[in-house]
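Order of appearance sets the numbers: ligands from 1, and atoms from 1 within every ligand. Source: prediction; values computed, not measured.
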Amino acid sequence: MTEIATETGTPAVGVELSERLTAGPHLYIDGRWQHSSDGGTRDLINPATGAVFTTVDEATADDALAAVAAARAAFDAGEWSATPVAERAAILRRIADLLVRDREELARIETVDTGKTLEESKIDLADVESVLRYYASLVEVSADRLVDVGNPAVVSRIVHEPIGVCVLIAPWNYPLLQISWKIAPALAAGCTMVAKPSEVTPLSTIAFVHLCEEAGVPAGVLNLVQGAGSAIGDALTDNPDVDLISFTGGLTTGTRIAKAAAPHVSRVALELGGKNPHIVFADADLPAAIDQVLTGVFLHSGQVCSAGTRLIVEESIADEVVDALIERAGSIRMGDGLDPSSRTGPLVSEAQLTKMHEYVKLGVDEGAVLRTGGGRPDRDDLSPGGYWFAPTIFDRCDRSMRIVSDETFGPILTVERFGTESEALALGNDTEYGLAAGVWTSDDARGERLTRGLRHGTVWLNDFGYYTPAAEWGGFGKSGNGRELGPTGLAEYQEAKHIWKNTSPAPAGWFPVPGDDDATA
Ligand code: NAD
């Protein structure tokens with residue numbers, strides 16, 4: 001029996017899942033598991049060791065086209081969209097139950113694939129379960145409505161119908177979580193779909209699709225391909241059979257997808273990057289603020305779209321806050337995510353590691369003051385092949401620096417200082433992105449002014465980083481153009497249709513009827 005091995009010698013996943021995951025096949029098209037049509041595969045690397053831990057099938061463009069065609073045929077057959085809402089909701093709940101059954105194995109998969117700690121993976125899985133249950137319940141409550149058209153003979157209704165074939169593309173930082181924010185509402189709405197996880201971290205999605213199959217999702221409704229965007233992206237996005245593309249990932253990829261989809265007028269929902277300000281006023285609860293600034297930027301080694309990477313702190317407390325952060329950053333326990341004592345893991349890939357080194361050099365060249373971190377932690381116990389990068393803090397930063405304007409997507413905090421409230425607000429809004437922001441103040445009126453003034457999709461006041469399935473998530477500006485979660489996250493997968501029914505039919509009476517007395521008058 002094959003088991004996914006880790007360097008620690010522990011099987012990465014439980015026996016039941018590991019066998020079907022390691023042996024494959026890994027593409028799921030029209031209800032059949034299959035290998036790539038050209039036999040192509042990709043090695044998956046454990047970021048904590050740099051070692052290959054398994055190999056998966058990698059789709060070709062033809063496989064991607066076949067997956068879209070299967071989703072199209074399934075949608076046009078109409079069975080899934082005609083399945084009673086209660087049955088679709090029951091399948092979502094069954095998937096959630098299976099997820100709970102397999103959560104230990106799934107958590108290990110996510111940790112070995114991404115590098116995040118086991119505890120984080122378990123939190124992600126609990127969130128996936130919540131999203132499935134949330135959409136199961138939401139879809140059971142009809143959002144259809146009657147419209148008063150001012151004519152008692154007319155019954156005017158707005159009904160919601162599935163948009164059709166959806167392509168769901170996810171990034172590597174929260175692999176299963178991000179794709180579940182798409183699969184759950186798409187299934188609930190009655191759509192058919194092709195899921196494409198990141199080629200860097202596809203394993204948990206493959207396992208999840210097995211659970212969906214087991215839960216009774218019919219053939220053709222949920223298809224799965226994995227592979228690099230450069231190889232299969234166009235087949236998925238420049239495709240007249242696709243009605244919606246829901247994409248979470250970087251700005252460059254997002255704009256490329258929007259262009260590919262434009263000729264087909266496919267709906268495109270984009271959840272993109274962020275460069276998120278975390279503003280601390282002198283009147284804040286400082287121990288709480290400092291702790292949350294630290295967590296907000298260094299959790300998951302900063303590989304979080306909503307990471308608070310820009311500390312914007314009032315000048316009078318800046319030195320105190322920065323000194324405390326430096327001390328705390330130095331004590332963060334980094335290690336293999338499977339080790340329960342680790343509080344954060346490595347970066348996901350060598351490419352991410354190289355990028356962080358480049359940003360540190362850039363920051364120093366730009367004149368920012370490197371106060372801590374900046375490279376591999378000085379620790380003998382970390383695997384030499386792992387992608388380790390220490391929590392890093394740059395002080396004395398300003399908006400002209402690229403380390404302040406670019407999304408670094410790693411454990412790099414920049415510090416800017418302000419004197420007045422209006423300066424803080426202007427700095428917080430001085431970004432092309434607009435995903436998330438945090439504000440710390442004990443002044444209620446100021447808190448209200450800032451939370452309303454900040455042009456970001458989520459603003460936390462005296463807190464940071466939390467979300468819930470019932471509340472919309474998404475970005476202003478170049479952070480995106482759609483919303484996931486909440487009722488809007490379901491509406492993304494629906495078309496609103498207006499049905500006008502006249503219970504007392506009559507001629508329109510606009511054009512005269514020849515021979516009619518009034519008409520000839
Ligand atoms: P990425 O843009 O490189 O890749 C995202 C996905 O797009 C991957 O599955 C990739 O294979 C695919 N892709 C690449 N080129 C494609 C193409 N031409 N056509 C179709 N698909 C293509 O992003 P990443 O490095 O995987 O993830 C990091 C980014 O994701 C960051 O910018 C981060 O902020 C963002 N992100 C945003 C949110 C959010 O909620 N807004 C959440 C998580 C991550």
Side-chain angles (χ1 to χ4, degrees), residues 42 58-59 61 64 67-68 113-114 116 124 127 131 167-182 194-205 224-239 242 245-261 266 268-276 299-309 347-356 406-410 431-436 456-458 465 467 471-486 489 492:
R42 175 179 290 263
E58 178 134 296
V68 173
D113 221 2
T114 62
K116 67 175 63 178
D124 288 2
D127 290 352
V131 164
V167 163
L168 314 175
I169 303 176
W172 46 257
N173 61 334
Y174 285 88
L176 190 52
L177 182 75
Q178 292 294 340
I179 212 143
S180 76
W181 290 13
K182 304 178 190 302
V194 179
K196 194 205 96 55
S198 166
E199 65 277 22
V200 183
T201 55
L203 216 50
S204 58
T205 305
L224 167 72
V225 288
Q226 58 267 342
S230 53
I232 60 172
D234 285 349
L236 295 172
T237 58
D238 184 356
N239 189 321
V242 173
I245 300 158
S246 177
F247 169 79
T248 302
L251 175 59
T252 310
T253 317
T255 49
R256 188 191 157 126
I257 287 173
K259 283 183 196 157
S266 313
V268 179
L270 300 173
E271 298 292 334
L272 307 177
K275 188 70 185 180
N276 311 294
L299 184 80
H300 193 11
S301 285
Q303 302 167 117
V304 181
C305 53
S306 53
T309 48
L347 299 176
V348 74
S349 64
E350 194 169 356
Q352 276 292 106
L353 187 63
T354 304
K355 191 173 145 193
M356 288 316 116
D406 290 8
E407 183 192 44
T408 46
F409 215 55
T431 167
E432 64 178 341
Y433 293 109
L435 188 61
H456 295 261
T458 298
Y467 70 92
E472 276 74 1
W473 176 266
F476 286 33
K478 289 186 179 162
S479 286
N481 63 5
R483 288 293 179 272
E484 297 199 292
L485 304 182
E492 294 270 35

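Taking the side chain as every heavy atom from C-beta outward, Glu407 and Leu251 never approach each other to under 4.5 Å. Side-chain contact check for Lys196 versus Val167: every heavy-atom pair is 4.5 Å or farther apart. Side-chain contact between Trp172 and Thr114 is absent, with no heavy-atom pair separated by less than 4.5 Å.
Around ligand 1 you find Ile169, Ala170, Pro171, Trp172, Asn173, Gln178, Lys196, Pro197, Ser198, Glu199, Gly229, Gly233, Phe247, Thr248, Gly249, Gly250, Thr253, Arg256, Ile257, Glu271, Leu272, Gly273, Cys305, Glu407, Phe409, Leu435, Trp473, each with a heavy-atom distance below 4.0 Å.
Look at Lys182 and Glu484 and you find a salt bridge, because one of the NZ, NE, NH1 or NH2 atoms lies within 4.0 Å of a carboxylate O, short of that distance. One finds no salt bridge joining Asp238 and Arg256 here, because no Lys/Arg side-chain nitrogen approaches an Asp/Glu carboxylate oxygen to under 4.0 Å.
Under the salt bridge (charged side-chain N to carboxylate O under 4.0 Å, His left out) criterion, Glu432 pairs with Lys478, sequence neighbours left out.
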